[in-house]
Amino acid sequence: MEPSQVKLKKQPQKYLAKVDSITYKKLRKALDGLENWEGDIIRLKDSEFYRLKIPQYRIIFTHQYDDEINIIWVEEINTRTNINYGRYSQ
(Lines give C-alpha, C1' and ligand atoms only; values in the text may rest on other atoms or scores of the structure.)
Protein backbone atom coordinates (compact mmCIF):
# COMPACT_ATOMS: atom_id res chain seq x y z
CA MET A 1 0.00 0.00 0.00
CA GLU A 2 1.37 3.42 -0.92
CA PRO A 3 2.18 5.91 1.86
CA SER A 4 -0.74 7.85 3.24
CA GLN A 5 -1.17 11.36 4.50
CA VAL A 6 -2.18 11.51 8.18
CA LYS A 7 -4.44 14.35 9.30
CA LEU A 8 -5.57 14.97 12.86
CA LYS A 9 -9.02 16.11 13.84
CA LYS A 10 -9.53 18.45 16.79
CA GLN A 11 -9.46 15.92 19.68
CA PRO A 12 -6.15 14.31 18.66
CA GLN A 13 -4.54 17.73 18.22
CA LYS A 14 -5.62 18.78 21.72
CA TYR A 15 -4.57 15.44 23.21
CA LEU A 16 -1.07 15.66 21.73
CA ALA A 17 -0.72 19.25 22.94
CA LYS A 18 -1.32 18.32 26.58
CA VAL A 19 0.73 15.11 26.99
CA ASP A 20 4.29 15.01 28.34
CA SER A 21 7.24 14.87 25.95
CA ILE A 22 7.90 11.11 26.32
CA THR A 23 4.26 10.27 25.55
CA TYR A 24 4.24 12.78 22.69
CA LYS A 25 7.26 11.08 21.07
CA LYS A 26 5.66 7.65 21.50
CA LEU A 27 2.36 8.77 19.91
CA ARG A 28 4.11 10.74 17.16
CA LYS A 29 6.16 7.66 16.24
CA ALA A 30 2.95 5.61 16.01
CA LEU A 31 1.32 8.28 13.82
CA ASP A 32 4.39 8.37 11.55
CA GLY A 33 4.16 4.58 11.20
CA LEU A 34 0.49 4.90 10.41
CA GLU A 35 1.43 6.60 7.12
CA ASN A 36 2.63 3.16 5.96
CA TRP A 37 -0.05 1.17 7.83
CA GLU A 38 2.51 -0.12 10.33
CA GLY A 39 1.53 -1.42 13.73
CA ASP A 40 -1.24 -3.40 15.39
CA ILE A 41 -4.16 -2.24 13.23
CA ILE A 42 -7.59 -3.84 13.06
CA ARG A 43 -10.87 -2.71 11.57
CA LEU A 44 -13.59 -2.18 14.16
CA LYS A 45 -16.50 -4.58 13.76
CA ASP A 46 -19.38 -3.27 11.62
CA SER A 47 -17.61 0.07 11.18
CA GLU A 48 -15.56 2.16 8.78
CA PHE A 49 -13.09 2.91 11.58
CA TYR A 50 -9.80 1.25 12.46
CA ARG A 51 -7.90 0.95 15.72
CA LEU A 52 -4.14 1.28 16.12
CA LYS A 53 -3.00 -0.29 19.38
CA ILE A 54 0.18 0.83 21.08
CA PRO A 55 1.05 0.15 24.74
CA GLN A 56 -1.34 2.07 27.01
CA TYR A 57 -2.90 4.03 24.11
CA ARG A 58 -5.35 3.58 21.25
CA ILE A 59 -5.70 5.62 18.08
CA ILE A 60 -9.01 5.53 16.21
CA PHE A 61 -8.92 6.49 12.55
CA THR A 62 -10.61 6.16 9.19
CA HIS A 63 -9.27 6.63 5.69
CA GLN A 64 -10.44 7.91 2.34
CA TYR A 65 -8.99 8.26 -1.14
CA ASP A 66 -8.86 11.80 -2.47
CA ASP A 67 -7.35 12.34 -5.93
CA GLU A 68 -5.36 9.10 -5.68
CA ILE A 69 -3.97 10.03 -2.26
CA ASN A 70 -4.94 7.94 0.76
CA ILE A 71 -5.83 10.31 3.60
CA ILE A 72 -5.95 8.91 7.12
CA TRP A 73 -8.19 10.93 9.44
CA VAL A 74 -7.29 10.40 13.10
CA GLU A 75 -10.54 10.71 15.05
CA GLU A 76 -9.37 10.07 18.60
CA ILE A 77 -6.29 9.37 20.68
CA ASN A 78 -6.77 8.22 24.24
CA THR A 79 -5.60 5.75 26.86
CA ARG A 80 -6.84 2.21 26.46
CA THR A 81 -9.12 2.53 29.49
CA ASN A 82 -10.71 5.80 28.33
CA ILE A 83 -11.39 4.98 24.69
CA ASN A 84 -15.07 4.50 23.84
CA TYR A 85 -15.36 2.05 20.95
CA GLY A 86 -19.18 2.29 21.03
CA ARG A 87 -18.98 5.73 19.44
CA TYR A 88 -17.49 4.20 16.31
CA SER A 89 -19.79 1.26 15.68
CA GLN A 90 -22.78 1.49 13.36
Side-chain angles (χ1 to χ4, degrees):
M1 187 173 275
E2 73 266 358
S4 305
Q5 185 177 15
V6 176
K7 296 188 177 197
L8 304 176
K9 293 206 171 177
K10 195 172 198 175
Q11 189 277 346
Q13 290 176 17
K14 285 183 167 184
Y15 196 87
L16 286 174
K18 71 178 183 178
V19 296
D20 61 84
S21 63
I22 294 170
T23 303
Y24 179 85
K25 288 176 187 173
K26 180 182 190 178
L27 293 172
R28 196 70 244 176
K29 183 178 178 185
L31 291 170
D32 291 343
L34 191 57
E35 291 177 359
N36 296 307
W37 286 78
E38 297 172 355
D40 185 358
I41 297 171
I42 62 166
R43 187 175 187 154
L44 298 179
K45 188 176 180 181
D46 299 327
S47 176
E48 64 185 17
F49 295 96
Y50 294 81
R51 181 270 292 143
L52 171 61
K53 179 175 149 183
I54 55 175
Q56 308 296 319
Y57 295 92
R58 302 296 183 265
I59 297 173
I60 305 294
F61 67 94
T62 188
H63 71 97
Q64 70 184 43
Y65 288 98
D66 186 29
D67 296 328
E68 299 181 17
I69 297 172
N70 188 28
I71 299 175
I72 294 176
W73 286 100
V74 176
E75 299 283 332
E76 183 175 359
I77 299 174
N78 218 324
T79 58
R80 65 179 185 83
T81 55
N82 288 331
I83 203 88
N84 180 0
Y85 290 108
R87 293 179 51 195
Y88 303 104
S89 61
Q90 302 294 337

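- Atom CG of Asn70 is separated from atom NE2 of His63 by 6.0 Å, given to the nearest 0.5 angstrom.
- Arg51 places a side-chain N or O within donor-acceptor distance of the main-chain N or O of Asp40, the cut-off being under 3.5 Å.
- A ring pair (Phe, Tyr, Trp, His ring centres under 6.0 Å) with Phe61 is found for exactly one of Trp73, Tyr50, Tyr88, namely Tyr50.
- How far CD1 of Ile69 is from OG of Ser4: 10.0 Å, rounded to the nearest 0.5 Å.
- The two atoms that bring Lys26 and Ile54 nearest to each other are O-CD1, 4.4 Å, heavy atoms only.
- For the pair Ile77 and Val19, the minimum side-chain heavy-atom distance is 4.5 Å or more.
- Counting non-hydrogen atoms of neighbouring residues, nucleotides and ligands closer than 6.0 angstrom, the CZ atom of Arg80 reaches no more than 12 such neighbours.
- In this structure, the side chain of Arg28 does not engage the main chain of Asp32 through any donor-acceptor pair within 3.5 Å.
- Between Ile59 atom CD1 and Ile83 atom CD1 the span is 9.0 Å, to the nearest 0.5 Å.
- The minimum heavy-atom distance between Arg58 and Lys53, with the atom names listed, is CZ-CG, 3.4 Å.
- Phe49 has its side chain out of reach of Glu76: every pair of non-hydrogen atoms, C-beta onward, lies at least 4.5 Å apart.
- The distance from the NZ atom of Lys7 to the CG atom of Leu31 is 14.5 Å, given to the nearest 0.5 Å.
- The heavy-atom pair separating Val74 from Pro12 by the smallest distance is O-CG, 3.3 Å.
- With hydrogens and angles disregarded, a donor-acceptor distance shorter than 3.5 Å links the side chain of Asp20 to the backbone of Ile22.
- Residues Tyr85 and Ile60 form a side-chain contact, since some pair of their non-hydrogen atoms from C-beta on lies under 4.5 Å apart.
- Put simply, the side chain of Tyr15 does not reach to within 4.5 Å of the side chain of Leu8, judged on heavy atoms.
- For the atom pair OG1 of Thr79 and OH of Tyr57, the computed distance is 7.0 Å after rounding to the nearest 0.5 Å.
- Ile41 is listed as a side-chain neighbour of Leu34, based on a closest heavy-atom distance under 4.5 Å.
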